[in-house]
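Worth knowing before you read on, the calculation uses all heavy atoms, side chains too, and leaves out hydrogens, waters and symmetry mates.
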2 protein chains.
Amino acid sequence: MVSIATWNINSVRLRADQVARFLTQEEPDVLCLQEIKTEEKHFPHQVFEDLGYTHRAVHGQKGYHGVATVSRLPFRELDRHDWQANGEARHVGVELLGAAQGMVIENVYIPAGGDIPDREQNAKFGQKLDFLERMAFWADRLDRPTLITGDFNIAPLDCDVYDHKALIKVVSHTPIEIAALDRFRNAHGFEDLGRKHIPAPERNYSWWSYRTYWQDKDRGRRLDHMWASPDLAAQSRSHRFVEETRRWDQPSDHIPLVTEFDL
Amino acid sequence: MVSIATWNINSVRLRADQVARFLTQEEPDVLCLQEIKTEEKHFPHQVFEDLGYTHRAVHGQKGYHGVATVSRLPFRELDRHDWQANGEARHVGVELLGAAQGMVIENVYIPAGGDIPDREQNAKFGQKLDFLERMAFWADRLDRPTLITGDFNIAPLDCDVYDHKALIKVVSHTPIEIAALDRFRNAHGFEDLGRKHIPAPERNYSWWSYRTYWQDKDRGRRLDHMWASPDLAAQSRSHRFVEETRRWDQPSDHIPLVTEFDL
DNA sequence: GTGCGTACGG
DNA sequence: CCGTACGCAC
């Protein structure tokens, strides 16, 4: 049994203790972090080292974005794709060794895309769509059991947001983004583990805006995902979202997801 | 018995809980704060109100400087001098009413003066000297029992710094500043209560640089003072500096002083 | 709302 | 080193 977690931590330095608490409590074999918001030289390596997460691939940059994959199983780092070719740190890929030999874990932070869902008016939205197209091109050539996980910044299903009709024109839930995400998924035939294990239309949010935190309206969206190649998906045994982190002090706006695989 | 305290708090909002802890523990009748670093509209009034400090004179500004005098004895606010005439909030004066009728408490935050002790090269140093000259002119006309207290940003005696020879050219301990401070003191005949009660050359520091905090060299300076008119000084019964606040979490770089008067 | 960079003052 | 303000991104 191998368990893999993902969490957009929104600053790994500020929340190093929360990450430690999560790792101690959930004991995943691998944790994929997004928005670490630091260069590797300031990554809190010791916190992970002390908890047995001695294998780490940190792809960081100053202030924004940044991803890291930490593991207590040995792995080999494969690549760091820059699908926008703009130098942003949004991906790191590793291949597990040992017990889970051969499993590839792609950790990605897809661009948020700005506020206006129109590439003429908003270059960031165009970049998000282009990023997804390039990911689709890349996925088409994948030929190994792959888990791609992270913050996709898209809530694809109607039931992935608290109000489908209200959000259909809001970046993260527009038809054009969802179509681009679908092309990417179909390019490899990924299976959406979130909805394999928690079937639609069940509530399954992973993100809540800080701006409406104080309200208790539960205005969530499912922006974080774990997608697996068909053969690997068949080996997934459980999947859960760890919502209690939201109730910790100064929480991230995202919660972690954890999947267990029979391998 | 009336007890008066002074503390450069270095942000009263960030350290409102530390101020509350200090007030609960030491129970001074009056506390003079400097570097509150906030406009009055964001001053944590309720914290003081809840502890019985229902009389407050807050002279704040956005981001920098700012002084406040809080009291559980009634007082009347007298004035807010702007000796630099540059709009900075560096002084507030009050007159105690009731039990301690007639005692005037002048709360002041003298400019730090920049890094270079030369008014040709460093305008801030000139402003500090000018500020002191204007205070001397003002002090010459005082005719009531007055306590002037706060962060004077000058360590006048050789024993008021950890290394007299090393600091003689460092702003806060240069002969020209000390001479200006002496003129101010002599203009009214103030008595330095810190050295009345803790005679030179006894260790008596009130400030340590954040830059050398991690060292434990005790590189302190006596920058905070309580000076009294001769008649009032004769009524002072005890004086102490409350160094334990330095060991609290995220401490101010200054510690509080407390004086008790027999009146 | 909450994070980080930068700039400024100490 | 440690505060605040501001701008930017999400």
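- If you measure from atom NE2 of B/H42 to atom P of D/dG3, you get 19 Å, rounded to the nearest angstrom.
- We find that CZ of B/R219 is positioned 15 Å from P of D/dC1, with the value rounded to whole Å.
- Close to C/dT2, at under 4.0 Å from its OP1 or OP2, lies no side-chain N or O of A/R15.
- Remark: A/R21 is positioned above the aromatic ring of A/W248, its terminal NZ or CZ atom under 6.0 angstrom from the ring centre and at most 45 degrees off the axis.
- Atom C1' of nucleotide D/dC10 and atom CD of A/Q61 are separated by 14 Å, given to the nearest angstrom.
- Taking atom CD1 of A/I36 as the reference point, atom P of C/dC4 lies 12 Å away to the nearest angstrom.
- Side-chain atoms of B/Y210 come within 3.5 Å of backbone N or O of B/D253 as a donor-acceptor pair.
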Shorter than 3.5 Å, N or O on both sides, protein versus nucleotides 8-10 of chain C: list them out with atom names.
residue: C/dC8; atom: O2; partner: B/Y64; partner atom: OH; Å: 3.3
residue: C/dG10; atom: O6; partner: B/R211; partner atom: NH2; Å: 2.8
residue: C/dG10; atom: N1; partner: B/R211; partner atom: NH2; Å: 2.9

Side chains of residues 111-120 of chain A: which donor-acceptor partners sit under 3.5 Å, not counting sequence neighbours?
residue: A/D118; atom: OD1; partner: A/E120; partner atom: N; Å: 2.6
residue: A/D118; atom: OD1; partner: A/Q121; partner atom: N; Å: 3.4
residue: A/D118; atom: OD2; partner: A/Q121; partner atom: NE2; Å: 3.2
residue: A/R119; atom: NH1; partner: A/D130; partner atom: OD1; Å: 3.3
residue: A/R119; atom: NH2; partner: A/D130; partner atom: OD1; Å: 3.0

Inset, instruction - Determine, step by step, whether B/R219 and B/D163 satisfy the salt bridge (charged side-chain N to carboxylate O under 4.0 Å, His left out) criterion, reporting the C-alpha distance in whole Å, the side-chain angles of both residues, the deciding distance to 0.1 Å, and the verdict. - result: CA-CA 8 Å; B/R219 299 194 159 179; B/D163 186 335; over 6 Å; no
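- In this entry the distance linking CG of B/D249 with P of D/dG3 reads 11 Å, nearest Å.
- Taking the six-membered ring for Trp and thresholds of 30 and 60 degrees, A/H91 and A/H81 have ring planes inclined between 30 and 60 degrees apart.
- D/dG3 atom P lies 17 Å from atom CD of B/Q34, rounded to whole Å.
- Between the CD atom of A/E88 and the C1' atom of D/dA9 there is a distance of 11 Å, given to the nearest Å.
- Under a cut-off of 6.0 angstrom, the local environment of CG in B/L157 is crowded, with over 12 non-hydrogen atoms contributed by other residues, nucleotides or ligands.
- Shown here is A/I176, whose CD1 atom has no more than 12 heavy atoms of other residues, nucleotides or ligands within 6.0 Å.
- Between A/T212 and A/K62, the residue whose closest nucleotide on DNA chain C is further toward the 5' end is A/T212.
- For A/S11, no side-chain nitrogen or oxygen approaches OP1 or OP2 of C/dT2 to under 4.0 Å.
- If you measure from atom NZ of A/K128 to atom C1' of D/dA9, you get 14 Å, rounded to the nearest angstrom.
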